Protein chains: 2
Amino acid sequence: MAITIKDVAKAANVAPSTVSRVISDSRHISEKTKKKVRKVMDELGYHTNLNARGLVQQSTKTLGVVLKYSESDVWKLGNLFVSEVLQGISAHCHQYGYSIMITTGSTEDEIYGDVVRMVQGKQVDGMIVLYAKKNDKVVPFLLDKAIPFSVVGKPLERMNEIMFVDNDNMQAAKDATDFLIQRNHRQIGFIGDNPTFQVIQDRVEGYYKAFEEHGLQRDASYVKFVHTPEEEGAVVEEFLIMEAKPTALVISTPLQGVGVLKALHKRGIRVPDEISLIVFNKTLITEMSIPVLTTIDTEAFQLGYEASKGVIELINNPNTFKRSVIIPTKIEPGESHRKLTEDNNSVIDVTIE
Amino acid sequence: MAITIKDVAKAANVAPSTVSRVISDSRHISEKTKKKVRKVMDELGYHTNLNARGLVQQSTKTLGVVLKYSESDVWKLGNLFVSEVLQGISAHCHQYGYSIMITTGSTEDEIYGDVVRMVQGKQVDGMIVLYAKKNDKVVPFLLDKAIPFSVVGKPLERMNEIMFVDNDNMQAAKDATDFLIQRNHRQIGFIGDNPTFQVIQDRVEGYYKAFEEHGLQRDASYVKFVHTPEEEGAVVEEFLIMEAKPTALVISTPLQGVGVLKALHKRGIRVPDEISLIVFNKTLITEMSIPVLTTIDTEAFQLGYEASKGVIELINNPNTFKRSVIIPTKIEPGESHRKLTEDNNSVIDVTIE
DNA sequence: CATATTTACGGAAACGTTTGCATAAAACCA
DNA sequence: TGGTTTTATGCAAACGTTTCCGTAAATATG
């Protein structure tokens with residue numbers, strides 16, 4: 001059995017309560033006894049039992065994090081993103097002395113069970129949910145239990161009751177498209193995954209918006225979706241047989257980016273010489289590819305950091321305004337784009353930027 | 001305040017102890033009262049306070065995991081590996097009803113502090129340490145406190161007191177080299193990172209061993225180390241100016257693999273036409289690269305799974321033999337290698353496998 | 001039918017803290 | 001000097017469980 005506060009008290013000839021107050025550095029204890037007690041604590045190698053403290057304080061200084069791992073390759077990639085978000089959360093938590101407990105479940109229901117256990121079992125003071133999705137039971141549960149929590153991503157409903165942190169996906173897509181338009185591209189394609197996701201819809205909208213603001217015509221035939229993994233080839237094919245085929249593509253995930261790169265490579269089409277690519281999410285993948293992909297950095301670390309910040313504020317003051325934080329995105333130029341000559345936006349006769 | 005066991009007891013007209021026994025499904029309670037109590041529990045929405053339980057049972061059913069994130073790019077890649085190990089741990093933990101708490105520190109000392117807090121604070125029943133390294137304070141601490149733990153990787157000392165799970169790196173490197181020798185390669189280079197790591201030394205040894213077993217001469221000039229990130233170019237250069245330049249390379253990390261690929265690409269050397277590559281660790285990176293890299297899969301998920309299994313066994317029975325588990329590696333053929341013709345191992349006149 | 005055994009439950013201590021309340025000693029004030 | 005305030009500490013309850021021990025009722029035993 002480990003050393004308890006009582007052992008220390010006995011050895012130092014004080015009451016347990018005094019020891020407790022020394023630990024919390026209460027100002028009601030004289031410096032003299034503080035010194036004495038601390039010395040005994042050191043000698044005996046005392047360490048607070050956080051379980052006991054948690055019980056009486058009704059708080060564990062621990063945050064729960066809902067991780068959504070998935071077997072599918074599409075999500076394995078997500079892990080890089082998740083990793084980085086987690087590091088952001090970690091960084092902030094550490095700063096404020098919070099521990100992190102993660103979900104272990106792999107199915108929807110298992111994860112829900114984990115959350116219930118953490119929350120009802122009083123293992124955590126608050127939660128962070130990575131990725132908002134449809135028909136999710138977790139967020140409604142947390143709302144119902146009035147537990148402090150924040151969401152990384154945009155909640156689909158009851159947005160004003162929820163603290164969340166996300167990128168402005170519309171703006172980001174608009175920026176990316178602007179970036180290409182400014183480099184004299186006019187035929188710009190958009191490739192997204194599941195169009196039922198709000199993220200994708202926002203991005204498509206931003207993409208359109210860029211055209212409008214430049215007084216250009218929007219054209220839905222340049223917007224395509226890849227539904228099953230590794231089907232980028234088909235989409236690329238569709239683009240290539242178009243009359244006015246795109247000189248540039250905005251792509252919504254790194255995985256698709258690389259997929260497109262592969263499909264183009266197979267067809268002998270060079271990037272960025274013949275087509276420019278700009279891809280959402282700067283990850284190791286995009287940095288390691290040949291050529292290095294030009295990306296829209298979504299600042300995953302920062303997303304996590306802010307999410308953690310929000311929850312902890314909420315824990316310390318439950319009346320904190322449930323603000324939503326928008327993390328600005330940034331275009332990270334790589335080697336996968338180039339500028340077309342001003343008077344001629346064909347693929348011939350170009351200047352490398 | 002939440003519903004406690006006493007509330008349930010009162011509402012069901014039984015003693016708190018009875019409720020507790022119902023929860024643990026004790027056979028000393030009649031089916032009739034079990035039914036009755038369970039009904040009340042449901043109605044009141046009771047959930048065990050795991051803090052209180054942990055306090056009296058001296059066990060939290062939680063495992064601590066020591067994560068070593070790093071800012072350096074070399075390690076960002078590691079995150080993919082870490083992610084997968086973590087999933088393995090998660091899978092097993094979930095199966096046995098264990099929660100996972102992760103370290104949040106980013107420096108050596110911070111992480112050590114996290115571990116001390118978890119262990120001494122009685123927040124966890126056991127620990128899993130990812131990556132054994134030199135001058136590490138964590139493992140000695142855990143040994144000293146006699147806490148159940150396991151290590152993913154090979155401990156550098158006191159191996160027989162420690163339960164660990166690792167690959168047989170010597171065998172893996174030997175297999176990889178064999179693989180190339182069987183395909184008629186004779187000039188085979190080896191690229192590793194920090195040669196002070198045991199992993200790397202083991203791999204070099206395995207590499208040599210393959211040569212010996214085939215009755216070939218070992219040649220230290222074919223073994224090179226990349227000390228700083230992104231310096232693969234220099235090493236590649238060194239290889240290329242050799243009189244008998246290598247027709248194949250064994251490379252110790254995916255990051256270096258891609259680095260080498262880039263360096264070769266820059267010099268216009270085609271893979272696998274002019275040189276074959278085989279890389280340690282199958283990750284998303286190696287799968288997404290062009291060409292897909294032939295890899296030695298180290299089964300990260302399995303490493304985590306077994307590590308978790310070991311600790312939990314150790315928790316349930318402290319006398320469990322501290323076995324070390326060796327997870328077999330597997331060669332995953334990609335597109336980055338080819339077979340040379342049997343009578344001529346020059347780069348001319350070849351057959352693609 | 002009396003005694004021994006089993007079954008089903010209640011009472012209360014224990015886990016290791018924190019904290020409100022009480023109080024003795026010291027310090028201050030008039 | 002007597003009373004009041006302040007300072008420093010102790011006592012005991014509370015947090016929500018589990019579990020040891022005791023015991024009445026039910027059942028089995030001879």
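In what follows, chains carry the letters A, B, and so on, assigned in the order in which the sequence lines appear, proteins first and then strands, with residues in each chain numbered from 1. Keep in mind the model is a prediction, meaning the values are calculated, not measured.
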ask   = Between atom CD1 of Ile100(A) and atom CG of Leu63(A), what is the distance when rounded to the nearest 0.5 Å?
value = 7.0 Å

Interatomic distance, [X] [atom1] vs [N] [atom2] [rounded to whole Å]:
X	N	atom1	atom2	answer
Ile3(B)	dC15(D)	CD1	P	14 Å
Asp7(B)	dT17(D)	CG	C1'	13 Å
Gln57(A)	dC15(D)	CD	P	14 Å
Leu55(A)	dA14(D)	CG	C1'	9 Å
Asp25(B)	dA8(C)	CG	C1'	15 Å
Lys122(A)	dG16(D)	NZ	P	9 Å

inquiry  = Using a heavy-atom cut-off of 4.0 Å across all strands, would you classify Lys6(A) as base, sugar-phosphate, or nothing?
reply    = base

task = May I have all residue pairs that pass salt bridge (Lys or Arg N to Asp or Glu O under 4.0 Å) and include part of residues 101-119 of chain A, sequence neighbours excluded?
result = Glu108(A)-Lys133(A), Asp109(A)-Lys137(A), Asp114(A)-Arg117(A)

ask   = Of the residues in residues 26-46 of chain B, which ones touch DNA chain C at a heavy-atom distance under 4.0 Å?
value = Arg27(B), His28(B), Ile29(B), Ser30(B), Thr33(B)

task = Could you list by number each residue of residues 11-21 of chain B showing a heavy-atom separation from DNA chain C of less than 4.0 Å, or answer none if no residue does?
result = Asn13(B), Val14(B), Ala15(B), Ser17(B), Thr18(B), Arg21(B)

Nucleotide nearest [X] when distance is taken to its side chain, options [options]:
X	options	answer
Arg53(B)	dT17(C), dG16(C), dT17(D)	dT17(D)
Ile23(A)	dG16(D), dT17(D), dT18(C)	dT18(C)
Thr4(A)	dT19(C), dG16(C), dG16(D)	dG16(C)

Under 3.5 Å: donor-acceptor pair, side chain of Asp7(A), backbone of Thr4(A) = yes

ask   = How about Tyr305(A) and Glu299(A): does a side-chain donor come under 3.5 Å of a side-chain acceptor?
value = no

Pairwise side chain to side chain donor-acceptor pair (under 3.5 Å) hits with a residue in residues 313-324 of chain B, at least two apart = Glu313(B)-Arg323(B)

remark   = Sorted by chain and number, sequence neighbours left out, side-chain hydrogen bond (donor to acceptor under 3.5 Å, both in side chains) with Thr33(B) holds for Ser30(B)

Nucleotides 23-25 of chain C: which of its N/O atoms have a protein N/O under 3.5 Å away?
none

